[in-house]
Number of protein chains: 2
Amino acid sequence: MSLAETNSWTGIREELLRRIHEREWQPGEQIPHEADLAEEFGCARTTVNRALRDLAESGLVIRKRRAGTRVALNPPQKATLTIPVIREEVEALGRAYRHSLVFREMRPLPPMLHGAFQVALSDNVLFLKTVHFADDRPFAYEERHINLDAAPAARDMAFDTISANEWLVHNAPYSHGDLSLFAVNATDELAGVLDTVTGAALFALERITWTGDQPITHVRLVYAPGYRMRTDI
Amino acid sequence: MSLAETNSWTGIREELLRRIHEREWQPGEQIPHEADLAEEFGCARTTVNRALRDLAESGLVIRKRRAGTRVALNPPQKATLTIPVIREEVEALGRAYRHSLVFREMRPLPPMLHGAFQVALSDNVLFLKTVHFADDRPFAYEERHINLDAAPAARDMAFDTISANEWLVHNAPYSHGDLSLFAVNATDELAGVLDTVTGAALFALERITWTGDQPITHVRLVYAPGYRMRTDI
DNA sequence: AAAGATAATATGCATGCACATATTAATGTG
DNA sequence: CACATTAATATGTGCATGCATATTATCTTT
């Protein structure tokens, strides 16, 4: 019991972490159950439970009722990406943000998205193309479908002062969604818009959000060359 | 009070979520404090606390002592990426995994990584190039530096039966790290290894892990064309 | 009125207890 | 011996209570 760490749940978590990192408890090994640890640390079982729950959330230990707690064999690398509104992302870089709506029309949903959107949509879909700038240099290119059944107010929005990206965050909160990250070669159109050469490797993401079982929006975002999405693990 | 949801903390969380999603509580608005909610739901304050803590973790509400709890103005889009060991990723796709160590030598750390590794390293660095296969088709290409001061046992490992990726997870647990995701064009070498054409857009990641203040490994992973990293949000 | 001390308050956390639930081990039965 | 039933057990959760801590509001004092 090396440290002066008190019997706070964070203190206990640190001690448990140490034992895992320093291999006192091997991967796959079962660790003492809550009651024993509580006695050892001289605290309530609730407090040990809190520490263990936290470790389980981060994937370092696996817990099962009756079976006990064991150190994870392959602790997954979990990384929490925070994907901010693009304006905030640009401003956090200390650069001036602006955006430009380059295309807007009502159009039927492309067949490619019928599966993703999972419902029979009328033609009540708004399609937008937007370019986001940082200090007047293109930062990202956005193609977006908005389900007007889910966000009817979007029909009357110009999206010139506030971007669809930001407007939707404030006006059409979602309950869940899917995100995928990938790389694309710049097409001629993309190269022109993002001020690069055809064929350049570009970082891209696609996101679909729902509220309940109603799809709200599908967005495909392609970042300018050199973009990196970073996070701590 | 619509649902039959009991006074479990998850039930209460769902009800709070509903009020936020349906705008009963506007963004930025202060919500009743724990004691009032506990009375309304007929449960203990601890239970409300648990639900609110969960919402705060996901960024939907902001909590401050004495100041109370308010609905977040710009709920950040948080996505938790789970980056598994490549073998598991491949096997989860129902494909057969194997890997091939194509290069291995002791070499000084390249200057480019001096900053990242943040310590004056001797020449005690192992450099590896590995190709990961799924059903005999290249899946990802890996370049890795291992700090042998942090993981001395790696010096004697062949990394032919078990990949460095997996060995390090089991034998050199890290306390923290940095991850970045980006896109690269296939060089001639990459194209050859990944069975694609020069210039193809490839999804890539770089990761550095430390234990305490000692760097363990730097890895650059480039996936074969078409790869998508997916997650729920 | 400005600055500093003090009180009030909402969340944060620890405790002891009880009961719920999932899972495994032990037991009984054909 | 195979299979279903039952008991045992570790975690999961809820509750009442008390105190800790951060932050705001209020009340001094100069």
Side-chain angles (χ1 to χ4, degrees), chain A residues 1 3-17 19-20 24-73 75-76, chain B residues 1 3-17 19-20 24-73 75-76:
Chain A
M1 304 320 87
L3 293 178
E5 287 304 337
T6 65
N7 54 347
S8 65
W9 74 270
T10 49
I12 290 170
R13 180 188 57 188
E14 294 319 304
E15 171 62 13
L16 300 179
L17 261 175
R19 295 185 188 183
I20 293 173
E24 279 179 35
W25 292 334
Q26 300 282 324
E29 182 180 339
Q30 184 152 354
I31 74 177
H33 63 257
E34 295 184 347
D36 285 354
L37 289 170
E39 194 184 4
E40 178 191 342
F41 292 122
C43 68
R45 187 171 75 90
T46 317
T47 309
V48 173
N49 181 280
R50 179 81 193 266
L52 284 173
R53 255 197 300 124
D54 194 78
L55 292 179
E57 259 173 43
S58 68
L60 259 133
V61 301
I62 313 285
R63 318 196 70 199
K64 274 200 285 195
R65 292 189 189 182
R66 158 81 219 208
T69 302
R70 46 185 68 238
V71 180
L73 271 175
Chain B
M1 292 304 83
L3 293 177
E5 288 304 339
T6 65
N7 53 347
S8 66
W9 74 269
T10 48
I12 289 170
R13 181 189 55 188
E14 293 321 303
E15 170 62 13
L16 300 178
L17 262 175
R19 295 186 187 181
I20 293 172
E24 277 177 39
W25 291 334
Q26 300 282 326
E29 182 181 337
Q30 186 152 355
I31 74 178
H33 62 258
E34 294 184 348
D36 285 353
L37 290 170
E39 194 184 2
E40 178 192 342
F41 292 122
C43 68
R45 187 171 75 86
T46 317
T47 310
V48 172
N49 181 282
R50 179 83 192 266
L52 283 172
R53 255 197 298 124
D54 194 77
L55 292 179
E57 259 174 40
S58 68
L60 259 133
V61 302
I62 313 286
R63 318 195 72 198
K64 274 200 285 197
R65 290 190 189 178
R66 159 80 219 208
T69 302
R70 46 185 67 240
V71 180
L73 272 173

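Numbers restart at 1 for each chain; the letters A, B, ... are given by sequence-line order, proteins then strands. Please read these numbers as outputs of a predicted model, since none were measured by experiment.
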A:Arg63 side chain reached by A:Asn49 side chain, heavy atoms, under 4.5 Å
yes
When rounded to whole Å, the CZ to P distance for the pair B:Arg66 and C:dT11 reads 11 Å
Requested in this report: Taking the side chain as every heavy atom from C-beta outward, state whether A:Leu52 and A:Ile12 have any atom pair closer than 4.5 Å.
Outcome: no
If you take atom types as modelled and just measure distance, does the side chain of B:Arg45 reach the base of C:dG12 with a donor-acceptor pair under 3.5 Å? yes
Q. Tell me, do B:Asp54 and B:Trp9 make a side-chain contact under 4.5 Å, heavy atoms counted?
A. yes
With a 4.0 Å cut-off (strictly under) to non-hydrogen atoms of chain A, the first and last hit nts on DNA chain D, 5' to 3', are D:dA8 to D:dT13
Rounded to whole Å, the CG-P distance (B:Leu37 to C:dA10) equals 12 Å
Here the distance between atom P of C:dT23 and atom CD of A:Gln30, to the nearest Å, is 15 Å
By nearest-nucleotide position on DNA chain C, the 5'-leaning member of A:Lys64 and A:Thr47 is A:Thr47
Here the distance between atom C1' of C:dA10 and atom NE2 of B:His33, to the nearest Å, is 7 Å
Between CD of B:Glu34 and C1' of C:dC13 the distance, given in whole Å, is 11 Å
Are there over 12 heavy-atom neighbours, none belonging to A:Glu39, within less than 6.0 Å of that residue's CD? no
Item to complete: Measure the shortest side-chain to side-chain distance between B:Leu55 and B:Leu17 over non-hydrogen atoms and say whether it is less than 4.5 angstrom.
Response: yes
Worksheet item: With respect to the phosphate group of C:dG12, does any side-chain polar atom (N or O) of B:Arg63 fall under 4.0 Å of OP1 or OP2?
Response: yes
Between B:His33 and B:Arg45, is any pair of side-chain heavy atoms under 4.5 Å apart? no
